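These figures come from a predicted structure and were not determined experimentally. Residue numbers start from 1 in every chain, and the chains themselves are labelled A, B, ... in the order their sequence lines are given, proteins ahead of strands.
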Protein chains: 2
Amino acid sequence: MGAMTRAEAADMPDDGARKTPDRLRRQASRLLSQLTARSDRLINEGLAQVDARKWHYAVLASLQEYGPGSQAELSRRSGIYRSDMVGVLNELAERDLVERVPDPDDRRRNIITISARGRRRLPRLDKVLDDLHDELLAPLSPAERDQLVQLLTRLLDHHTRTS
Amino acid sequence: MGAMTRAEAADMPDDGARKTPDRLRRQASRLLSQLTARSDRLINEGLAQVDARKWHYAVLASLQEYGPGSQAELSRRSGIYRSDMVGVLNELAERDLVERVPDPDDRRRNIITISARGRRRLPRLDKVLDDLHDELLAPLSPAERDQLVQLLTRLLDHHTRTS
DNA sequence: GTACATCGTTAGTCGAACTAACGCAACGGG
DNA sequence: CCCGTTGCGTTAGTTCGACTAACGATGTAC
């Protein structure tokens, strides 16, 4: 099992002596970035093991939940920039998880559809992500996890609506 | 004053129709990265307005709280990689906020000291950061802010101790 | 004294988030 | 019917943070 993808000792600032100044340790922004760094790594490594990336999941889930759509629409649904969508869809198409066909009614558009294979893939990814989140949130009780999600959601909403 | 640094309408996936799939919207990892992106931008822009960066603050605060140290030690205290420390210290030295002198007792080391100017600078940065965090956490009550910090701290601790 | 660890530094990788600009197609109004 | 605007897919490129690798010089332990 010991796939050693993560930082192996050595070089990283590991806060060994715990001399990190208090002011720093309490900063919400700092906690956020550090935790997010770990979280992202965790998720990316976990998904990599099943040949997926988080954008894949975002697109597939969006297709499942709202049906086919143009690339631009998927971009809006999933929060991926339209410029990055191209690559994600290429990867998904390579894996036969989506189909990309030109829209006959609007020749600017491609219509993206989730494939049978893609549909079969989703539950698997759901499971993987669930497990990873379990690892991520391990120290928290279910109630605390909800709290966290709540708080984060409120903050994010605030900062998206006030653009 | 209208420095328009942030994303100006137009292109970004703004979740206008709020068609983001539920599964995505509840994912802690996703909430974290999105919120962190905003948070980082907020902090960076705010600090840029007083010609600072967050690493500057981290180093200065660490020097203030624990006294002078070698670059490697500062790196450990502040969580900056030793390879990135060089640049940060260059910037701080340019601004006369720290002094970097070779350690006579160990000629591999530089000893970094906070300057008088650096010491005067800190309260200013503290204030700026306080205000920015106020903006960041605006929708939360004081109690909720504490809760958030608590939860994040516990998670981060967990993931640093279990390496 | 020789192996090993540590320090400062340089260089470079990787992924995420984002901007700019393109050619093309569709839409809306005069 | 043309025309300006808007939306689409795509390519390219920037910036930033996090991180790895390797270097030469120095110090430490056996």
Side-chain angles (χ1 to χ4, degrees), chain A residues 4-14 16 29-30 32-45 47-48 53-56 58 69-76 78-91 93 100-112, chain B residues 4-14 16 29-30 32-45 47-48 53-55 58 69-76 78-90 93 100-112:
Chain A
M4 45 176 65
T5 343
R6 68 194 42 173
E8 297 296 330
D11 220 357
M12 62 171 164
D14 215 351
S29 61
R30 172 165 260 261
L32 279 172
S33 13
Q34 294 198 172
L35 184 57
T36 298
R38 304 235 169 215
S39 163
D40 282 355
R41 198 162 50 222
L42 184 72
I43 302 282
N44 286 337
E45 287 176 4
L47 285 177
R53 319 234 252 95
K54 60 177 168 167
W55 295 129
H56 297 187
S70 70
Q71 300 189 188
E73 206 194 328
L74 289 180
S75 161
R76 275 173 238 122
S78 59
I80 307 174
Y81 273 72
R82 160 166 140 272
S83 28
D84 300 326
M85 195 76 229
V86 193
V88 175
L89 288 180
N90 286 343
E91 293 177 5
R100 174 159 46 178
V101 297
D103 183 341
D105 297 346
D106 183 342
R107 288 171 21 226
R108 294 169 305 178
R109 284 184 170 85
N110 291 330
I111 297 182
I112 315 299
Chain B
M4 44 176 66
T5 345
R6 70 192 39 169
E8 298 295 330
D11 220 356
M12 61 172 167
D14 214 351
S29 60
R30 173 166 260 260
L32 279 173
S33 14
Q34 294 198 171
L35 183 57
T36 298
R38 304 233 169 219
S39 162
D40 281 354
R41 198 162 50 221
L42 184 71
I43 302 282
N44 286 337
E45 288 176 4
L47 285 177
R53 319 235 251 97
K54 60 178 168 167
W55 295 129
S70 70
Q71 300 190 188
E73 206 194 328
L74 289 180
S75 160
R76 276 172 236 123
S78 59
I80 307 175
Y81 273 72
R82 165 165 138 270
S83 29
D84 300 326
M85 196 75 228
V86 193
V88 176
L89 288 179
N90 286 342
R100 174 159 44 178
V101 297
D103 184 342
D105 298 346
D106 183 343
R107 288 171 23 226
R108 293 170 304 176
R109 283 182 169 86
N110 292 329
I111 297 181
I112 314 299

Determine whether A/R30 and A/Q34 satisfy the following criterion, side-chain contact (heavy atoms from CB on, under 4.5 Å), listing intermediate values before the conclusion. CA-CA 6 Å; A/R30 172 165 260 261; A/Q34 294 198 172; 3.3 Å; yes
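- Counting to the nearest Å, the P atom of C/dA16 and the CG atom of B/L35 are 18 Å from each other.
- To the nearest 0.5 Å, atom OG of residue A/S29 and atom CG of residue B/D40 are 7.5 Å apart.
- Panel note: side chain A/T36, backbone A/L32; a donor-acceptor pair is recorded below 3.5 Å.
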Next item on the list: Would you please test B/R108 and B/S70 for side-chain contact (heavy atoms from CB on, under 4.5 Å) and show each step?
Entry: CA-CA 9 Å; B/R108 293 170 304 176; B/S70 70; over 6 Å; no
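- The interatomic distance linking A/I111 (CD1) with D/dC8 (C1') rounds to 13 Å, in whole Å.
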Show each protein N/O and nucleotides 2-7 of chain D N/O combination with a separation under 3.5 Å, one pair to a line.
from, atom 1, to, atom 2, distance (Å)
D/dG7, N3, A/R108, NH1, 3.2

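- Each of A/D106 and A/A37 was assigned the nucleotide of DNA chain D with the nearest heavy atom; the assignment lying further toward the 5' end belongs to A/D106.
- Heavy atoms only, all atoms of each residue included: A/W55 and A/S78 are closest at CZ3-O, 4.1 Å.
- As rounded to whole Å, 10 Å separates atom C1' of C/dA16 from atom CG of A/N44.
- Here C/dG8 is the nucleotide among D/dT26, D/dA18, C/dG8 with the atom lying nearest to any side-chain atom of B/S70.
- The nearest whole Å value for the distance from the CG atom in A/L42 to the P atom in D/dA18 is 17 Å.
- Closest to the side chain of A/K54, from the set D/dG9, C/dA16, D/dA18, is C/dA16.
- Between the CD atom of A/Q34 and the C1' atom of D/dG17 there is a distance of 12 Å, rounded to whole Å.
- Without hydrogens or angle criteria, A/D84 side chain to A/I80 main chain gives no donor-acceptor distance under 3.5 Å.
- Applying side chain to side chain donor-acceptor pair (under 3.5 Å) to A/Q71 and the options A/R82, A/R109, A/R100 leaves one that passes, A/R100.
- A close approach under 4.0 Å does occur between a side-chain nitrogen or oxygen of A/R53 and OP1 or OP2 of C/dA16.
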Pairs under 3.5 Å (N/O, protein and nucleotides 9-12 of chain C):
from, atom 1, to, atom 2, distance (Å)
C/dT9, OP2, B/Q71, OE1, 2.8
C/dT9, OP2, B/Q71, NE2, 2.9
C/dT9, OP2, B/R100, NH1, 3.2

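- The distance from atom OH of A/Y81 to atom P of D/dC8 is 16 Å, rounded to the nearest whole Å.
- The salt bridge (Lys or Arg N to Asp or Glu O under 4.0 Å) test applied to A/E91 returns A/R53, not counting sequence neighbours.
- Separating the CD1 atom of B/I43 from the C1' atom of D/dC16 is a distance of 15 Å, rounded to the nearest angstrom.
- For the pair A/I80 CD1 and D/dT10 P, the interatomic distance rounds to 14 Å; values are reported in whole Å.
- Heavy-atom distances to DNA chain C give each of B/E73 and A/P104 a nearest nucleotide, and the one nearer the 5′ end belongs to B/E73.
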Q: Any chance you could lay out the side-chain contact (heavy atoms from CB on, under 4.5 Å) test for B/L89 and B/I112, step after step, and finish with the verdict?
A: CA-CA 9 Å; B/L89 288 179; B/I112 314 299; 3.7 Å; yes
